[in-house]
Amino acid sequence: MTNVVRVGLLGLGTVGTGVVSIIQRHQEELQHQVGCPVEVRKVLVRNKNKARNIELAKEIVTEDIEEILSNPEIDVVIEVMGGMEQTKEHIARALQAKKHVVTANKDLLAVHGAELLKIAAENGCDLFYEASVAGGIPILRSLSDGLSADRITKMMGIVNGTTNYILTKMSQEGSSYEDVLKQAQELGFAEADPTSDVEGLDAARKMAILASLGFSTEVSFDDVTVRGISAVTEADLHYCEQLGYTMKLIGLAQRDDNRIEVSVQPTLLPTEHPLASVHNEYNAVYVYGEAVGETMFYGPGAGSLPTATAVVSDLVTVMRNMRLGVTGHSVLVPLHEKVLKEANEIEAKHFLRLRVLDKAGTFSTITSLFAEFEVSFEKLLQLPVEGEEVAEVIIITHKTSEENYEKLYQRLTALDVVESVESSYRVEGGN
Ligand code: NAP
Ligand code: HSE
């Protein structure tokens, strides 16, 4: 082991700047923990003439990746530049050159994580990615270390700050979806293209990473059922509240006998559920383990310093492993074959909002259909619509299988007495 750890940093944007700042400001603590100084030797950027709000010697910043990948003096590569194929190539090359890698790149890991972890193991290198899920919350380490003795059966996460911010502001302040999305962009939570936030793709990538680690299997982005929040209306949020629920974009990963389901969708939670009180851009992950029971991890899910804390903590682990001579052993081989549940194995409650004809017989037609599918009502609300001969009916069902619910939903939309099915959401929590 060298008497200084030399880092090559790919990217000096929001997260990269935070990484440099923490390494500079917390040098004493880092040295105390790992026994030697940590030095940022080279930083890759797209444009080295761009003004930066961090002080770095001019010769450290480069636009040439070879100054890092082919540099024998670099021990650890920190990738915080984002991107897919080219970035994957850089990480693979770094590992093949026996450099340890720390990354915050959820997009890449959700698709190529298993392949990159294999390359890391083959080359005796560490590959850590704590910052890829829920920013500053040490959730991956909690799963792989703190809860390693347990068998995790359920994880529910608010893992996207932008959508949580939007839903909070819409429901608490009555703001419009478009206005709050703009605010989230201005505040820097949203991705460059916010489609991946609002359509649930960012959360789905994070849930694929969480489920892989929590269930010791290989879940990829394509295995996650995804629905975003772009169609959620203020009326939906209002009725949720009236019935005692809060709507959140929930990433759910659940397993029963090693058959798993992973989804991201707008979900109603009872207002007393711990995840219902996670507001604004904050993230939280609820984890249920067979032995430990319920646990919850809460904190900032994005931003420069919170995310950089997770990145630098991974760097500390790499450095400790280097000192102990145990790098490359941290890569866990999945224990279980991935088996996804079929629609008839996924059970959930549902919220339904219908516009129905306000006349005698409507209700009995609807209840007969529910009876035919053996779906019972848990809660029911009917409100006349002013000036129209229709009523709004809001139903919370008891649990039924996805397959059964889908068939019921199709038949409901075809009923003469139902003018339209305005919305339908999954309901979690409670009995
Ligand atoms: P960012 O602010 O856009 O910064 C990206 C940096 O990488 C910039 O310095 C850019 O150089 C450099 N870069 C990008 N492409 C490059 C290329 N092809 N060659 C050389 N340099 C390149 O991004 P960020 O928000 O820091 O995010 C970085 C990564 O962390 C992403 O994978 C993101 O998903 C992940 N992440 C971010 C957050 C967050 O809160 N921001 C949280 C968790 C994870 P220039 O400065 O010269 O343009
Ligand atoms: N756009 C992401 C979010 C950034 O809103 O959570 C952190 O991954």
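We number each residue from 1, following the sequence as shown. Order of listing sets the numbers, starting from 1, for every ligand and every atom in it.
Comment: Asp75 does not engage Lys99 in a salt bridge, judged by the lack of any side-chain N to carboxylate O separation of less than 4.0 angstrom. The pair Lys407-Glu402 does not count as a salt bridge, with every side-chain nitrogen at least 4.0 angstrom from each carboxylate oxygen. Taking the charged nitrogens against the carboxylate oxygens, Glu59 and Lys48 have no contact shorter than 4.0 Å, which rules out a salt bridge. Ion pair Lys182/Glu186 flagged as a salt bridge, since at least one NZ, NE, NH1 or NH2 atom sits closer than 4.0 Å to an Asp/Glu carboxylate oxygen. Taking a cutoff of 4.0 Å between a charged side-chain nitrogen and a carboxylate oxygen, Glu63 and Arg46 do not qualify as a salt bridge. The existence of a salt bridge linking Lys42 and Glu73 is excluded, since no basic side-chain nitrogen approaches an acidic carboxylate oxygen closer than 4.0 Å. Under the 4.0 Å criterion applied to side-chain N and carboxylate O atoms, Glu261 and Arg426 are assigned as salt-bridge partners.
For a threshold of 3.5 Å applied to N or O pairs, the pair formed by Lys106 and ligand 2 contains at least one separation below that value. Below 3.5 Å of separation, one finds an N or O of Lys50 facing an N or O of ligand 1. Considering backbone and side-chain N/O atoms, Gly13 comes within less than 3.5 Å of an N/O atom of ligand 1. Among the atoms of Glu191, none of the N or O lies under 3.5 angstrom from an N or O of ligand 1. Geometrically, ligand 2 and Ala190 share no nitrogen or oxygen pair separated by less than 3.5 Å. Considering backbone and side-chain N/O of Gly11, none are found under 3.5 Å from N/O of ligand 1.
Those atoms of ligand 1 with a heavy atom of Leu44 less than 4.0 angstrom away are 20 (C). Against a heavy-atom cut-off of under 4.0 Å, Ala131 is close to the following atoms of ligand 1: 43 (C), 44 (C). Of all atoms in ligand 1, numbered sequentially from 1 with element shown, those under 4.0 Å from a heavy atom of Gln86 are 18 (N). Counting atoms of ligand 1 from 1 in the listed order, those under 4.0 Å from a heavy atom of Ala302 are 40 (O). Near Asp197, meaning under 4.0 Å from any of its heavy atoms, are these atoms of ligand 2: 1 (N), 2 (C), 3 (C), 5 (O). Contact atoms of ligand 2 toward Ala302: 4 (C), 7 (C) (distance under 4.0 Å to a heavy atom of the residue). Distances below 4.0 Å separate heavy atoms of Gly301 from the following atoms of ligand 2: 7 (C). Numbered from 1 in the order shown, with element, the atoms of ligand 2 that lie under 4.0 Å from a heavy atom of Phe189 read 1 (N), 2 (C), 3 (C), 4 (C), 5 (O). Within ligand 2, the atoms closer than 4.0 Å to a non-hydrogen atom of Glu191 are 1 (N), 2 (C), 4 (C), numbered from 1 in the order shown. Taking a cut-off of under 4.0 Å to the non-hydrogen atoms of Asn160, the atoms of ligand 2 that pass are 2 (C), 3 (C), 5 (O), 6 (O). Every atom of ligand 2 with a heavy atom of Gly161 under 4.0 Å away is listed here by number and element: 3 (C), 5 (O), 6 (O).
Asn164 places no side-chain N or O within donor-acceptor distance of the main-chain N or O of Glu281, the cut-off being under 3.5 Å. Proximity of a side-chain donor or acceptor of Arg355 to a complementary backbone N or O of Val385 within less than 3.5 Å is not detected.
Of the protein's non-hydrogen atoms, Thr162 OG1, 2.7 Å is the one closest to atom 5 (O) of ligand 2. From the protein, the heavy atom lying nearest to atom 37 (C) of ligand 1 is Val15 CG2, 3.5 Å. Among all non-hydrogen protein atoms, the one lying nearest atom 28 (C) of ligand 1 is Val80 O, 3.2 Å. Here the heavy atom of the protein found nearest to atom 32 (O) of ligand 1 is Gly82 CA, 3.3 Å. Among all protein heavy atoms, the one lying closest to atom 13 (N) of ligand 1 is Met81 CB, 3.8 Å. Of all protein heavy atoms, the one lying nearest to atom 40 (O) of ligand 1 is Gly303 N, 2.7 Å. Scanning the protein heavy atoms around atom 15 (N) of ligand 1, the nearest turns out to be Arg46 NH1, 3.6 Å. Of all protein heavy atoms, the one closest to atom 9 (O) of ligand 1 is Leu12 N, 2.8 Å. With respect to atom 30 (O) of ligand 1, the closest heavy atom belonging to the protein is Ala104 CB, 3.6 Å.
Looking at Ser401 and Asn404, their side chains never bring a donor and an acceptor atom within 3.5 Å of each other. Side-chain polar atoms of Glu67 and Thr62 form a donor-acceptor pair below 3.5 angstrom. Inspection of the Thr327 and Asp126 side chains reveals no N or O donor paired with an N or O acceptor under 3.5 Å. Of the N and O atoms on the side chains of Asn283 and Tyr298, not one donor lies less than 3.5 Å from an acceptor on the other residue.
Per-atom contact check: atom 2 (O) of ligand 1 touches the protein, criterion being a heavy-atom distance below 4.0 Å. There is no protein heavy atom closer than 4.0 angstrom to atom 23 (O) of ligand 1.
The closest approach between a heavy atom of Arg52 and any atom of ligand 1 is below 4.0 Å.
Within the structure, the salt bridge (Lys or Arg N to Asp or Glu O under 4.0 Å) test picks out the following pairs touching residues 285-299 (sequence neighbours left out): Arg151-Glu290.
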Using the ring pair (Phe, Tyr, Trp, His ring centres under 6.0 Å) rule, take Tyr286 and His273 through it: C-alpha gap first, then chi angles, then the decisive distance, then the call. CA-CA 10 Å; Tyr286 163 100; His273 192 284; 5.7 Å; yes
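Counting heavy atoms under 4.0 Å from ligand 1, residue Lys106 touches it through the side chain alone. Here Thr307 has side-chain heavy atoms under 4.0 Å from ligand 1, and that is the only part of it that gets that close.
At a threshold of 4.5 Å between non-hydrogen side-chain atoms, the residues Leu210 and Leu143 count as touching. Side-chain contact between Ile229 and Tyr177 is present, with heavy atoms from C-beta onward closer than 4.5 Å. Residues Ser21 and Leu305 form a side-chain contact, since some pair of their non-hydrogen atoms from C-beta on lies under 4.5 Å apart.
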